[in-house]
Amino acid sequence: MKYLFDSLTANWNLSPWMTTLALVLWVVVITAGVLVFMATFAGFTSWVERRIAGRMQSRIGPNRVGPFGGLQWLADGLKCFLKEDVIPKATDPVLFRLAPYLVFPGGFAAFAALPFGYGIAASNIDIGIFYITAITSLVVIGILMAGWSSNNKWSLIGGVRSAAQIISYEIPGGLAILTVVVLAGTLNMHELVVAQGGWPWHWFIFRNPFTFVAFFIFFASILAEGNRTPFDLPEAESELVAGYLTEYTGMRFLFFLFTEWANVWVISALLTTLFLGGWQIPGITDLGATIAAATSLGKWFWVLLSVAMFFIKTSALVFLVIQIRWTLPRLRVDQLMIMCWKYLVPMGFVTLLGSAIFLVLPREGAWAWFHLSVQGIMTLIGFAIVAGLIGRAWYNIHALKDRISLENWL
Amino acid sequence: MNITFPDIVFVILAALILGCGAIVAYSRNIVRAGFSLLGAFAGVAGLYFLAQANFIGAAQILIYVGGVLVVILFAIMLTRGIAQAHSTNPRQMVIPATLMGLISAAMLITIALYFPWRLRPDAPVATVHSLGNALLDTYLIPFEFLSLLLLAAMIGAVMLVRKEIKESGKEESR
């Protein structure tokens, strides 16, 4: 959002010191805005997740506070504020208090580089996606710190499991990211979206068979990095109580959960940006040129439409991520490591190489038709898979006849 | 003297690095020493960001915080009885070590002050593109050589820790 600041302060004639101060103030304002978005999203998602979980487990879920229980998250947040902050005697007090403050920025800082729409990103740094992968590794340290300082075996096992899982899954995740970075030739999040198009067959996921596989590798790895089921071994409640969060209470506990739910948004936004065309609007080939040509009111319309596109795609993925959590059983530790090192990492290398081969293939003449038909076939396959899943769900619902109630959806 | 905003940030970051470094060196609790490394690494990354070397800064965080530090902490946490500071960290050599540190610091500062550094009049714009091109063009052979070295180190590590399963089915370390 630096360009907005520049255009705002262009005719103010500020002294260098005042400009710096104004810039610092601007950064604070933007950060506060992103923080508010993250907080409300995390809270709202906690309610959505609990409602969906309730439906999937044939119960109701929170329904008392507000319409359909929609204000439950505010009540929970207030409750955590008022709870006593218990710090057990046997803990390492300094590290125990510090850990939530390391986990929180690790999850929050990723929001800085997410492109929410055309030109709507807190910071448009040239290393966007690399920055996000780097900064989220702060979470590992925080989790290890929480696990160790709790002085509790379950916490320690949870912390070490989480760290092992995150640093292992960073590798297939990084390879899958590289697969699309090779195609786009940039690490900048904005340019990664620009390299794709509005219609599904322009998206990176359907660009060639290898990126299609890379999408699923990335999905699995980033779910594991976010400690989401089926990879939530660090918090496996059947064996570890609550893993590294066992000893935490009140706001410190909430900080961990905050990060976890905010991570759901980061996961979905990254998938949208890298593979599903980000904020691109179907039918518009060059959004930048369209916005430059539009009137001042039209500019707002196009920008808001791009934001809406991004939110639709990301929200759909958030919904999917939540459904995956309540559908799949948890993996075992050895299965987790086998899946990462024996399957995802070699597959990641193959997708990277294959995508690079597609990149060096010529694009002129008959080759253009080849590329177009590959994209078309991949899109058809993708939609066939989605249609198959929907069909199966439809069949299952109808096979149950009156034993399932589809009323009272919320 | 004209103090600018980057100067203030630099002083804060330097204080962070030195403070955390002191904890790493002097803390008797080796776990806390390990976690203090985080501050030192993050401070160095901050210095890179201050110098507008975004890529190096992010790489510093990714490799040192996300990789090296985690491995160090793993090693610390998997060692038995590490929390007993008296047996694991007796702190016998504080004075000689401090003296050695001060001497080497004095040498480094002297070199830094007297070396004729070449100042570039224009701020270099180190984008990822130019870095990538330099690595795969001008410096291709050193780059590949380093990759080979890392690969050799990795294979060596695997060879050292590998277990061989004998025909009887009994595992035996090599």
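Chain letters run A, B, ... following the sequence lines, proteins first and then strands; every chain starts at 1.
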In this structure, are over 12 heavy atoms from other groups packed under 6.0 Å from [X] atom [atom1]?
| X | atom1 | answer |
| --- | --- | --- |
| Phe74(B) | CZ | yes |
| Tyr64(B) | OH | no |
| Leu108(B) | CG | yes |
| Phe358(A) | CZ | yes |

Please classify the contact between [X] and chain B as side chain, backbone, both or neither, with a heavy-atom cut-off of under 4.5 Å.
| X | value |
| --- | --- |
| Val160(A) | both |
| Leu98(A) | neither |
| Ile125(A) | side chain |
| Leu21(A) | neither |
| Val139(A) | neither |

Full working for side-chain contact (heavy atoms from CB on, under 4.5 Å) between Leu73(B) and Ile141(A): CA-CA 9 Å; Leu73(B) 290 174; Ile141(A) 305 293; 4.2 Å; yes
Option in Ala59(B), Gly34(B), Gly67(B) with maximal non-hydrogen atom pairs under 4.5 Å from chain A: Ala59(B)
Option in Ile135(A), Ile167(A), Ile166(A), Asn151(A) with maximal non-hydrogen atom pairs under 4.5 Å from chain B: Ile167(A)
Quick check for you: to the nearest 0.5 Å, what is the distance between [X] atom [atom1] and [Y] atom [atom2]?
| X | Y | atom1 | atom2 | result |
| --- | --- | --- | --- | --- |
| Leu102(A) | Leu38(B) | CG | CG | 5.5 Å |
| Asn54(B) | Leu187(A) | CG | CG | 11.0 Å |
| Leu144(A) | Ile72(B) | CG | CD1 | 12.0 Å |
| Thr136(A) | Ile61(B) | OG1 | CD1 | 10.0 Å |

Any residue meeting ring-ring contact (aromatic ring centres under 6.0 Å, His included) with Tyr131(A), in chain and number order, not counting sequence neighbours: none
Residue-level contacts of residues 142-152 of chain B with chain A, using a heavy-atom cutoff under 4.5 Å: none
Closest approach of Ala58(B) to Ala134(A) (non-hydrogen atoms, all atoms of both residues): O-CB, 3.3 Å
Heavy-atom closest pair, residues Gly66(B) and Ser137(A):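 Result for this residue pair: CA-CB, 3.6 Å.
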Under 4.5 Å from a heavy atom of chain A, the part of Leu37(B) involved: neither
